[in-house]
Every structure is written in C-alpha cells, then in structure tokens.
K.L.:
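This is the structure I have questions about; it appears just below.
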Number of protein chains: 2
Amino acid sequence: MSDATAIPQHEVIIIGAGPAALTAAIYTTREDIETLLFERGVVGGLAAVTDKIDNYPGFPDGVAGLTLADDLRKQAERFGAVIELGEVTAIHDEGALKRLETTSGDMHAKAVLIATGSDYKKIGAPGEAEYYARGVHYCATCDGAFYRDKRLVVIGGGNSAVQEAIFLTRFATHIDLLVRSTIKASEVLQQELQKFVDEGKVTVHLATTTDEIVGKEKFVTSVKATKDGVPTEFTVDGVFVFVGLEPNSQFLKPTPVRLDEIGFVITDQHLQTTMSGVFAVGDIRSGATMQIASAAGEGATGALKLREYLEGHLHPTQN
Amino acid sequence: MSDATAIPQHEVIIIGAGPAALTAAIYTTREDIETLLFERGVVGGLAAVTDKIDNYPGFPDGVAGLTLADDLRKQAERFGAVIELGEVTAIHDEGALKRLETTSGDMHAKAVLIATGSDYKKIGAPGEAEYYARGVHYCATCDGAFYRDKRLVVIGGGNSAVQEAIFLTRFATHIDLLVRSTIKASEVLQQELQKFVDEGKVTVHLATTTDEIVGKEKFVTSVKATKDGVPTEFTVDGVFVFVGLEPNSQFLKPTPVRLDEIGFVITDQHLQTTMSGVFAVGDIRSGATMQIASAAGEGATGALKLREYLEGHLHPTQN
C-alpha cells in the first residue's frame, strides 16, 4: 500500500465555476464523466456579479447575472456535477494522473480543466467598488450600449483603453480620457483617436490621476481627478476603467503549464495546455474575449476535447 | 454615376441565421453596426428543428429547439438585426467592399460573416425523415444521453461512426453497428471498438445496408436491413446515423474563400477566411464541433473580430 492509494481520485477536476467551467461540467457529467469543480470565490464567476447581461444569446430581454449563474449551476448539478468551495494551489504531472494540491488536501484527476477566469484590474479609487456595475464598468462590449447619449470618463492609456474609448464614441456624446502619464497605445490607434479629438468627441487628459468616483444613490455623477497637480472634476454618467486584466493563474507559475507574458494560459488547437491532460477554457486562456457566450462555447468545446483525451485519442473534430 | 451606386450597401451581411449568425448579429447590432442576415431555410438553423436541447448553457431543464431559435431571433431583432429570406449565391472581393450576388439582387457589404452551418448527411432510407429527432439522430453528444439502458443501431463505418458508437456504449445496453462495406476508421479506433465487441456491447455487421427505419406512433421500434443479401431486422429504441457532414459552402467553391477537403471554411486565428473582410463562424468553419454553445460562442467572438476589421485593425484580444 503506497500513500498514493489514500489520495481521492476523480475522473475530471475543473478549476473554477464560472460560465466556461459550468458549461464544461454540463457536458462532462451529462456523458457520465465524474466531475468535481473547485471554486474559491463566487459560483458563476464575473457573470454572477454582473447586474444585467444583455448579450448572452438566448435571452431576448437580457438576464440578471445572478440568474444566469444560478441556472448554469443548476444545470450542471442536474447531471451530477459537484462543486466544492476551495482552492487548487498546485498541479503536478504524474503521467496518467495529475495530482492537485487543494485546500481540501491532495487529489488525483485523470484530466484537469483550468477555467479560473480573469479579473479586471482596479484603479483603487474611492467609489470604484461601491459603484461597480452601477456606473463603473470594465467591459465596453458588455456595458457600452447602456450609455447612449451619455457622457463618460474612460481611464487608461494603453491599447485597450484607447481602442475602447474609440468604440464608446458610438454611444457617448463625449468622453474624457484620463491618462495617468502618457498614452502607450499603438501609433495606429493614436492616429484614430486623434480624429475623435478633432471632432470634439474625446478630450485627452494626460498626467491625470483619478482621485474619487462620486455618485448619488445608485448612479455615478462625477469623477474627481488631479491634472498636472491641479484638482478637477468631470460631470459624467459613467466610468469605464481599462487598466488591464489579471488572469487568475498565480498557482500555475511554478508548474510546467506555460503562460503568456501577461499570465494567460497558452493552449493548442485542442485547448490543451503544455501539460498533457490539462486543458484551459474561457477568460484564463490566451486569446480570450471576456465574453460569457465565448467562454461558455469554449467550455463545451473543451469538454469534448477532455472526453477525447480520456478515450485515448485527441483528433480533429471532423472526418 | 456608375452602376455600383445603384447597389444597396450594408455595413455587415451575415449569411445564415442559425445560433452562430444570430449571436453575431446580437453583438453587431447592439453596437449599432447595421447588419442584414440572409437565410435560405429556417431561422435558427439545426437548433430550430431539434426537439429538446439539454446542454445549451443557461437552461437548467433544457429548452425546446424552436423556443431557443425564436429567442435568439427576437434578441437580434431587438437590437435592429434584419433577417431576409433568400440566398447568397456568390461573393466577389472588390477591396473595401464585398459584392454579394443574392436572390434579392446584388448587394455590397463592408464585411461579411459566413455562418451557413452544416447538415448531417442522410442515408435516404424510408422512415429516416419521419422519425428525425424522435428516434433518428445524427449527434451523439447532443442526444446520446436520452438512450440510457436502451438498444441502438449505429449506421456508418468511418472514424466518426466508430468513435460515436464507442461513446454511445456509455448509455446503451447494446449497439448494432451497420457498416455498408467495411470499416474505414483508424487502426486505433478499430482496436478500441474490438474491446466493446469482445464484451458483447457492440455487434458489427459488415456489408449491411439499411432498408427502412420502422416506428410506431412517435417512436422507433426497429431497423430493417440487408446483410450479405439476406434481409434482417434489429429491434431497437433509436438509430444514430454517422455518414458524414455536408457543409453549406457550395456557393463558395468558385470564390477565393478557401475550403478544406470536405468543404469547411478555413479561418485564421481571427476567424477570418482567406478573403480579407470575410469571416466564418459556427458549423461551417473547419474545426467546428456541431454544438450550439460552441457555435454561439464563435458568433460572439466573430462579431468582435468583424468590428475590429471595420475599425481598421484586427489585433490580439488582450494587451
């Protein structure tokens, strides 16, 4: 009797319980593949803390984030998925089995799916957390359309901030772009931004730090900032923050699972990571779109790939 | 005045109106990108003709295919998508504009999304159409779980038939595999199949043609076949047909949009085809999974890529 026999063994362990993870679990458990999910935070991930989701396909009038998260959980549990609250802290490749260190002790799995998602980086200003999703947003594709004919502040100076500011001009009457130091976006994006500056749709404020997001009851009313050392205030209806993404992949850093320069998990055409039998889907994956529909879709595809792996042959989808 | 000015121009034309197309339209129109969809058959695609969908994420008790199709259509129309019944018969690359020949005349579009899907190839036996989705199925991942502890006939001898027959042993008590000539599947799959044959779970019938699918009211009861010239009958609860996929890409054959050897559209990491400004998503794309969730997810991702293209810069998703 070796110690290994004492370690609980699962067919599949999914790390995370957001839309990508839950969709994968719907697929694996419906096919009688025993599946355990580990969630360290909120079941449903970022979807669960989103007020209203307008663009998840299948809900003509939109759906409350919490409702969607709850329905995804119920659907996975209906087929037998088990969700454990806890954290996976390391993955070790032991060949046919992967050994996971978790807050519930060591566990073995035949295959592992990483679906830990990403968080939006915060600026840390007072009011930012308080008005989250009620005037403070991190995803223009998700929430930009709620700001038709409104005034916005956009915070950030990288590619995504400039690109999303340009995108938000579709909706907003005016955008104040607050840049802490100088604009780091590409030449092409800066040239495009200039067109909107010339039209008066966007005003760029360099060397400007955000001091506070001010609101009244459930709405944002203004943003207090310091520009070149001088306090100033912008009267707006909403704030979009684009200062980067924080992939939840810290626990993978000491492992052979390769990450890209930001920390997203690199996968091949089978959604397999550089550790055999370990796959990744959703917002943790390099190339992810931070869209629930895309994450759920990858969860489904990832589950099919996991099954092929467990059956002993990953192969092209068609033949 | 050239003739070209007489051709109606659209920002985006989407070819098809299944889950991938409708999801893309939800995204584009919600972002005020004017979008016209062309559908030659049924709005909702294969989803619309599926009785019950159990694994589309967000519906804990499953959803009727027609309901999901209708809800996807309503959601896209809510944001302004226009669906035209008709067919696109050719695409011409005129640089910044693409010219589409359609059953409503020529049209220009700044960008095009191909989402025409694929059909399952039929065997053409009597009863096949009549019992479609009520005992006759083409997708094991979708419908296999409805056959727990039942007997099945599986038709086909290629990689997918053998692979799916193996998969269906998870649910079915016994499978008769009807192969018209000899098994064409890979060595590895054949070896794996042999294990199930040895266990008595699968019986392989070579040189066997399917003559008729017989049912009573709403259920399949047996399959009539001819084996080595001798008529025979298999008493079963369901039939799964795996004789290939038929991508709806005939109209692309004379165009520079490259197809793979079966006829699926080849795309790059941006979901762009080999014709600049023309993208492809869902079951028409080479590598597709024939899953609604995956198709919808690609629709969302594809819409983001279309937007980037229209803005003049396709770029990696994160930065």
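Chain naming here is simple, since letters A, B, ... match the order of the sequence lines and numbering starts at 1 in each.
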K.L.:
Count the heavy atoms of every other residue, nucleotide or ligand shown that sit under 6.0 Å from NZ of K184(A), and state whether that count exceeds 12.
P.N.:
yes

K.L.:
For the residue pair Y27(A) and Q291(B), confirm or rule out a side-chain donor-acceptor distance under 3.5 Å.
P.N.:
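Yes, a side-chain donor-acceptor pair sits under 3.5 Å.
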
K.L.:
I would like to know whether D32(A) and F171(B) meet side-chain contact (heavy atoms from CB on, under 4.5 Å); could you show each step before the answer?
P.N.:
CA-CA 9 Å; D32(A) 290 345; F171(B) 310 110; 4.1 Å; yes

K.L.:
Decide if atom NZ of K110(A) counts as having more than 12 heavy atoms of other residues, nucleotides or ligands within a radius under 6.0 Å.
P.N.:
no

K.L.:
Just give me the residue among I26(A), N55(A), L68(A) that pairs up with chain B most often, heavy atom to heavy atom, under 4.5 Å.
P.N.:
N55(A)

K.L.:
What's the spacing between F59(B) CZ and K74(A) NZ if we round to 0.5 Å?
P.N.:
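Interatomic distance, F59(B) CZ to K74(A) NZ, rounded to 0.5 Å: 13.0 Å.
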
K.L.:
Which heavy-atom pair separates L72(A) from P57(B) by the least distance, and what is that distance?
P.N.:
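In terms of heavy atoms, the two residues are closest at CD2-CB, 3.4 Å.
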
K.L.:
Output yes when E31(B) and R148(A) qualify as a salt bridge under the 4.0 Å nitrogen-oxygen rule, no when they do not.
P.N.:
no

K.L.:
Heavy-atom pairs under 4.5 Å with chain A are the metric here; pick the option from G312(B), A295(B), S294(B), A76(B) that has the most.
P.N.:
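Heavy-atom pair counts peak at S294(B).
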
K.L.:
Determine the minimum heavy-atom distance between G58(B) and D71(A), stating which atoms define it.
P.N.:
O-CB, 3.6 Å

K.L.:
May I ask you to say whether K195(B) pairs ionically with E311(A), meaning some side-chain N is under 4.0 Å from a carboxylate O?
P.N.:
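Answer for the salt bridge query: no.
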
K.L.:
For K150(B), does the NZ atom have more than 12 heavy-atom neighbours from other residues, nucleotides or ligands under 6.0 Å away?
P.N.:
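Not more than 12 within 6.0 Å, no.
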
K.L.:
Begin with the C-alpha distance, continue with both residues' side-chain angles, and end with the deciding distance and a verdict on side-chain contact (heavy atoms from CB on, under 4.5 Å) for Q75(A) and D54(B).
P.N.:
CA-CA 9 Å; Q75(A) 196 170 356; D54(B) 227 8; over 6 Å; no

K.L.:
Sort E192(B) into side chain, backbone, both or neither according to what part of it lies under 4.5 angstrom from a heavy atom of chain A.
P.N.:
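Looking at E192(B), just its side chain touches chain A.
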
K.L.:
So which part of E298(B) gets closer than 4.5 Å to some heavy atom of chain A, the side chain, the backbone, both or neither?
P.N.:
neither

K.L.:
Heavy-atom cut-off 4.5 Å, strictly under: side chain, backbone, both or neither for R78(B) against chain A?
P.N.:
side chain

K.L.:
Walk me through whether R170(A) and E34(B) qualify under salt bridge (charged side-chain N to carboxylate O under 4.0 Å, His left out).
P.N.:
CA-CA 12 Å; R170(A) 289 172 180 272; E34(B) 185 265 335; over 6 Å; no

K.L.:
Could you measure the distance from the CD atom of Q163(A) to the CZ atom of R307(B)? Nearest 0.5 Å is fine.
P.N.:
6.5 Å

K.L.:
Sort F79(B) into side chain, backbone, both or neither according to what part of it lies under 4.5 angstrom from a heavy atom of chain A.
P.N.:
side chain

K.L.:
Closest heavy-atom contact between A296(B) and A293(A)?
P.N.:
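Closest approach of A296(B) to A293(A), heavy atoms only: O-CB, 4.5 Å.
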
K.L.:
May I ask you to name which of V188(A), I292(A), I33(A) has the most heavy-atom pairs under 4.5 Å with chain B?
P.N.:
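Heavy-atom pair counts peak at I33(A).
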
K.L.:
Just verifying a value: how many Å separate L304(A) CG and M290(B) CE, rounded to the nearest 0.5 Å?
P.N.:
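If I round to the nearest 0.5 Å, the distance is 12.0 Å.
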
K.L.:
Among A303(B), G297(B), S186(B), which residue has the highest count of heavy-atom pairs closer than 4.5 Å to chain A?
P.N.:
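Maximum pair count with chain A is reached by G297(B).
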
K.L.:
Any luck finding a side-chain donor-acceptor pair between R30(A) and T141(B) under 3.5 Å?
P.N.:
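There is no such pair (donor and acceptor under 3.5 Å, judged by atom type) between the side chains of R30(A) and T141(B).
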
